[in-house]
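Protein chains get the first letters and strands the later ones, always in sequence-line order, with residue 1 at the start of each.
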Amino acid sequence: MTQPELPKAYDFKSTEPRIYEMWEQGGYFQPWNDPNKPGFDPDIKPFVISIPPPNVTGELHLGHAMFVSMEDLMIRYHRMKGIPTLWVPGTDHAGIATQLMVERDLLKTEEVTREELGREEFVKRTWEWKKKYGGIITTQIRRLGASCDWSRERFTLDDGLSRAVREAFVRLYEKGLIYRGPRLINWSPGLKTAVSDLEVEYSEEEATLYYFKYKLQGSDEFIPVATIRPETILGDTAVAVHPDDERYKKYIGRNAIVPILNRAIPVIADDYVSMEFGTGALKITPGHDPNDYAIAQRHNLPIISVLDTAAKVNENGGPYKGQDRFEARKNMWADMKKAGLVIKTEPYRTTIPRSQRGGEIVEPMISTQWFVTIEPLAQAALEAVRDGRIKIVPERFEKVYFNWLENIKDWCISRQLWWGHRIPVWYCPNGHMTTGREDPTQCGTCGSTEIHQDEDVLDTWFSSGLWPFSTLGWPDETPDLKYFYPTSYMETGYDILFFWVARMIMLGLEFTGEAPFHTVYLHGLIRDEHGRKMSKTYGNVIDPLIVMDDFGTDALRFTLLVGSSPGNDTSLSVKKVEANRNFANKIWNVGRFVISAIASLDHRPSTIDNGQLSIVDRQKWSLADSWIQARLRQLVRDVERLFQNFQYGEAGRHIYEFLWSDFADWYVEIAKGQLQDEESKARTVETLVHVFDTALRLLHPFTPFVTEDLWDHLRNAVRNSPVFALAADWPNALIVAKWPEPGEPEEWEESKIADFEEVIQDPVRANRNFHAEKNIKPSQKHGVTYVNPYKAELFREYLPTISALSSTDVEQSFVYEQYKPSGAVTSLVVGSTEIYPILSGMKRSEGDTARLEKELKEAQSHIERLEKLLAGDFASKAPAQLVAKERDKLSAYKETAEKIKAQLK
RNA sequence: GGUCUUGUAGUUCAGUUGGUUAGAACGCACCGUUCACAUCGGUGAGGUCACAGGUUCGAGUCCUGUCAAGACCA
């Protein structure tokens with residue numbers, strides 16, 4: 001049976017879409033145990049991940065590539081383990097981000113603002129925008145190979161999820177955990193909306209500290225005060241000093257006069273004021289500063305707001321009314337200067353609150369907003385992690401999580417936007433509020449029909465906080481919710497631990513009574529090759545789509561997965577991706593070799609009579625066969641252990657190492673010889689198939705495309721060959737092939753590995769090294785004499801293998817237990833083996849002697865070190881096994897040293 | 001100010017119950033290719049594991065401190 005020739009290089013461009021199509025059409029992304037289908041077994045525990053929903057109108061960036069690669073790996077691993085596996089995909093409406101995008105576009109294309117368009121029309125346009133561009137991100141996620149169940153795709157503004165949001169709001173409202181009221185919040189003047197504490201970023205910047213005089217009423221005395229924001233003087237309602245401050249004690253209880261406005265305000269005493277800092281006196285602006293707000297609460301001070309929603313001075317600002325906050329600052333200071341109230345200004349480094357979106361300076365303002373009373377929710381969320389119901393990987397983030405929840409403030413959930421879930425509360429002219437699961441037609445208190453709905457929408461994170469269960473049908477007790485909830489892992493970046501993860505935990509516990517997942521795995525952020533943040537200004541942004549075009553999805557995935565460890569940032573360079581493209585190509589070519597070997601079995605070999613495969617008969621294995629099988633068994637164990645510990649990168653490196661260094665560089669080279677021999681041919685093919693098949697399975701979660709495609713070719717080749725029985729229980733696609741099960745370590749593994757190293761690897765390396773050193777070309781075949789007192793038999797048996805791998809002449813080579821060369825000939829010593837290349841006219845040179853001396857020195861230093869070690873407390877206190885190991889090492893070094901000494905005589 | 005992370009080869013990083021003079025990739029130097037692969041093979045150079053103490057028979061790994069870079073929270 002002839003196989004169609006595979007191309008010399010792996011062609012990811014044509015392969016990836018074809019394979020993805022095959023998976024999706026094959027229904028492999030759907031859980032095999034499905035509560036909506038016949039034959040469902042509720043007792044089998046599923047593995048579930050909810051995708052961190054990307055912005056519906058977003059474009060793929062490396063952050064997406066990272067989480068998709070990581071989650072797909074987790075999903076594929078569990079799927080191959082035979083567990084019913086569900087990965088729920090979906091997108092987020094991303095209130096501010098999307099609204100801004102649409103607004104910008106409308107302004108550009110139609111030159112209209114959203115206000116001109118009106119709310120209804122604007123929301124309609126945004127939906128159109130979503131329909132037009134909403135598919136881009138999911139298409140791109142598919143390109144990454146994401147094996148999520150697209151039949152269960154959700155969007156946060158879908159009817160179902162909107163109903164969940166409504167239900168959640170109403171329940172919290174009815175429980176008294178949601179309230180509305182004026183509070184000091186963070187206001188974004190550009191976006192004209194409130195933002196939560198989390199959406200404010202603090203950056204350290206150069207600012208100016210303004211010192212001025214707060215005159216006391218009816219006197220020329222004054223208290224010196226400093227401020228960063230002079231315009232807020234307009235809203236001052238007190239001057240505060242420390243109660244023990246000798247300088248200002250006498251003024252407590254008197255009145256001070258607000259500059260320009262000439263309002264009288266009290267001088268108060270409060271412990272909060274630091275005597276050492278600045279002038280030791282503080283102006284209190286409760287309307288525009290959180291600390292001042294707290295002080296005002298303690299002292300029952302009035303609160304004056306001096307800015308409007310655009311951060312322009314309002315009617316409380318007297319002459320500055322209508323001026324922008326920064327303009328008013330300048331003008332006011334000039335006026336104060338004229339009035340002789342200015343002391344000085346000095347540069348000052350301070351933290352400035354800026355909007356996470358857009359970067360404008362956020363203004364603390366008094367505003368009527370909706371809040372969630374967070375304390376009871378936070379307590380429950382703390383408890384869930386403390387008692388181990390939820391585990392965070394890596395563990396150190398638990399501390400960060402505790403810290404945040406222990407100091408949490410109420411969550412401002414209303415946003416003055418149009419794109420989002422509108423707050424389900426209606427007001428009547430009598431000031432009553434009505435909420436409910438259905439839209440009311442009249443006021444629930446007074447029955448008035450003149451009701452209108454709250455204009456605001458909910459914070460985007462309110463809906464994403466419900467994501468793990470809202471996507472499964474909550475609040476309905478759907479079959480999906482019953483079976484797939486709680487989910488298993490929550491995998492995401494540590495940057496949204498508070499924004500998203502903590503809120504999912506709080507809301508999940510509140511609404512379902514259960515932790516929404518049992519494990520939180522946090523990955524790091526991706527930086528450029530020098531560890532810098534990627535940003536458009538630096539111009540160091542790597543576009544995953546271009547990388548995939550150039551090197552393939554597998555290469556990108558492998559790079560991200562292997563280059564990262566839990567919770568740590570990772571640097572990505574295109575070079576690394578290129579190297580991993582080479583890895584994909586390497587596997588491809590190893591596959592071509594294995595397949596061609598299978599195809600070369602043109603008749604039924606005697607070794608596989610009666611369907612009995614020789615693979616199970618270890619007696620017939622060559623040393624190389626045993627070695628690669630032992631290494632494979634080790635690999636399977638290592639990978640399993642590392643996966644259990646979330647060490648995915650390390651697992652990937654092990655597989656890479658095995659495939660490239662062990663399998664391709666050694667076993668395949670040896671197999672070439674074994675395939676020439678009718679006696680060993682079939683057994684070798686079986687070994688090649690078994691090892692390669694297993695390795696492909698292990699690698700599949702990392703690089704799904706190339707492994708799936710190769711495995712398909714492999715299976716076809718096996719099925720059409722005399723060794724067809726090897727693939728008897730293989731399924732139709734690698735994606736659902738059985739994950740290799742680790743076996744207990746067996747006695748023979750270590751000894752075979754040791755033999756292989758001593759009899760094959762070490763001599764071959766020694767010969768190659770010698771050839772490189774002497775510049776001997778592979779075509780210059782020569783014989784070699786090997787001398788080993790313990791394993792001469794093995795050396796004799798594998799002399800052809802050693803010779804083939806080291807380009808020496810097997811016919812002219814010999815093996816002895818004992819041997820005394822005549823005269824000073826070239827020699828190599830490795831372990832207990834002496835190697836004498838047989839070369840006419842090749843006498844020992846100075847270089848050879850120098851090399852031997854260097855090796856002797858090395859051996860002697862080891863001997864010295866080990867003798868010292870074994871003479872000390874190590875021998876009595878260390879585990880016996882370890883001591884024995886070191887003793888063996890010592891005697892081996894001694895033997896080597898003796899042999900080298902003999903050579904040098 | 002508080003908490004945390006990182007500091008290992010020229011570069012980017014591994015190195016998870018402490019086990020014995022440290023690994024990979026890329027880069028570099030030299031050699032090589034008829035039959036899986038130049039997206040390749042072979043050989044080699046390159047590190048006092050930031051620094052100083054401590055615990056231990058034994059420390060890159062644990063503890064303390066210092067220095068440097070960074071993150072988060074105030």
Mind listing the N/O atom pairs, protein and nucleotides 18-22 of chain B, below 3.5 Å?
unit_1	atom_1	unit_2	atom_2	d
B/U20	O2'	A/Arg865	NH1	2.9
B/U21	OP2	A/Arg865	NH2	3.2
B/U21	O4	A/Ser861	OG	2.3

Protein-nucleotide distance (A/Gln676, atom CD; B/C35, atom P), rounded to Å: 14 Å
Euclidean distance, atom OH of residue A/Tyr494 to atom P of B/G70 [Å, nearest integer]: 14 Å
Flag, side chain of A/Lys586 to backbone of A/Leu659, donor-acceptor distance under 3.5 Å: no
Under 4.0 angstrom between A/Ser596 side-chain N/O and B/A36 OP1 or OP2: no
Rounded distance in Å - CD (A/Glu650) to P (B/A25): 14 Å
Aromatic ring pairing A/Tyr10/A/Phe12, orientation class (parallel under 30°, perpendicular over 60°, tilted between): tilted
Watson-Crick or G-U stems involving RNA chain B, each at least 3 pairs long, distances under 3.5 Å, ordered by first number: B:1-7 with B:67-73, B:10-13 with B:23-26, B:28-32 with B:40-44, B:50-54 with B:62-66
Touch class at under 4.0 angstrom, heavy-atom based, for A/Val594 against every strand present: nothing
Nearest-angstrom distance from the residue atom CD1 of A/Ile655 to C1' of B/A24: 15 Å
Side-chain donor or acceptor of A/Asn589 paired with backbone N/O of A/Asn585 under 3.5 Å: yes
A/Arg229 side-chain N/O to A/His288 backbone N/O, donor-acceptor pair under 3.5 Å: yes
Nearest-Å distance once atom P is located in both B/A52 and B/C40: 41 Å
Donor-acceptor contact below 3.5 Å, side chain A/Asp554 vs main chain A/Val706: yes
Earlier contact from the 5' end, RNA chain B, for A/Phe646 and A/Thr570: A/Thr570
Sugar-phosphate only, base, or nothing, as touched by A/Tyr656 at under 4.0 Å among non-hydrogen atoms: sugar-phosphate
Between B/G23 and B/C49 - P atom distance, rounded Å: 14 Å
Length of the CZ-C1' vector between A/Phe558 and B/A14, whole Å: 12 Å
Partner set under ring-ring contact (aromatic ring centres under 6.0 Å, His included) for A/Phe499, not counting sequence neighbours: A/Trp461
Sugar-phosphate only, base, or nothing, as touched by A/Ala664 at under 4.0 Å among non-hydrogen atoms: base
Side-chain (A/Asn407) to main-chain (A/Asn403) donor-acceptor, under 3.5 angstrom: yes
Salt bridge (Lys or Arg N to Asp or Glu O under 4.0 Å) between A/Arg715 and A/Asp712, worked out: CA-CA 5 Å; A/Arg715 194 194 50 220; A/Asp712 185 51; 2.7 Å; yes
Plane angle bin for A/Tyr494 and A/Phe397 - parallel if under 30°, tilted between 30 and 60°, otherwise perpendicular: parallel
Atom P, compared across B/U5 and B/U66: separation rounded to whole Å: 16 Å
Salt bridge (Lys or Arg N to Asp or Glu O under 4.0 Å) between A/Asp638 and A/Arg641, intermediate numbers included: CA-CA 5 Å; A/Asp638 284 343; A/Arg641 176 177 53 82; 3.3 Å; yes
Under 3.5 Å side-chain donor-acceptor pair for A/Gln860 and A/Glu864: no
Integer angstrom distance from the P of B/G60 to that of B/U21: 11 Å
P atoms of B/U6 and B/A14, separation to the nearest Å: 9 Å
Pairwise C1' distance, B/G19 and B/C62 [rounded to whole Å]: 14 Å
Pi-cation contact, A/Phe402 with A/Arg386 (under 6.0 Å, within 45°): yes
Contact letters for nucleotides 37-43 of chain B, in which S counts primed atoms plus P, OP1 and OP2 and B counts the base, heavy atoms under 4.0 Å: BSBSSSS
A/His713 NE2 to B/A36 P, straight-line distance once rounded to whole Å: 18 Å
A/Arg637 and A/Gln634 side chains, donor-acceptor separation under 3.5 Å: no
Distance, P atom - from B/U33 to B/G41, rounded to whole angstrom: 16 Å
Distance, rounded to the nearest Å, where A/Phe498 contributes CZ and B/C72 contributes C1': 7 Å
A/Arg354: partners by salt bridge (charged side-chain N to carboxylate O under 4.0 Å, His left out), with sequence neighbours left out: A/Glu205
Within the 6.0 Å centroid threshold, strictly below: A/Tyr489 and A/Phe646: yes
Between B/U17 and B/G42 - P atom distance, rounded Å: 31 Å
OP1 or OP2 of B/C13 under 4.0 Å from side-chain N/O of A/Ser564: no
Touch class at under 4.0 angstrom, heavy-atom based, for A/Thr351 against every strand present: base
A/Phe643 and A/Tyr648 aromatic ring geometry - parallel, tilted or perpendicular at 30°/60° bounds: perpendicular
Sequence-aligned protein contact record of nucleotides 1-11 of chain B, with B where the base is within under 4.0 Å of a protein heavy atom and S where only the sugar-phosphate is: --SSS------
d(CD, A/Glu578; C1', B/C26) in whole Å: 9 Å
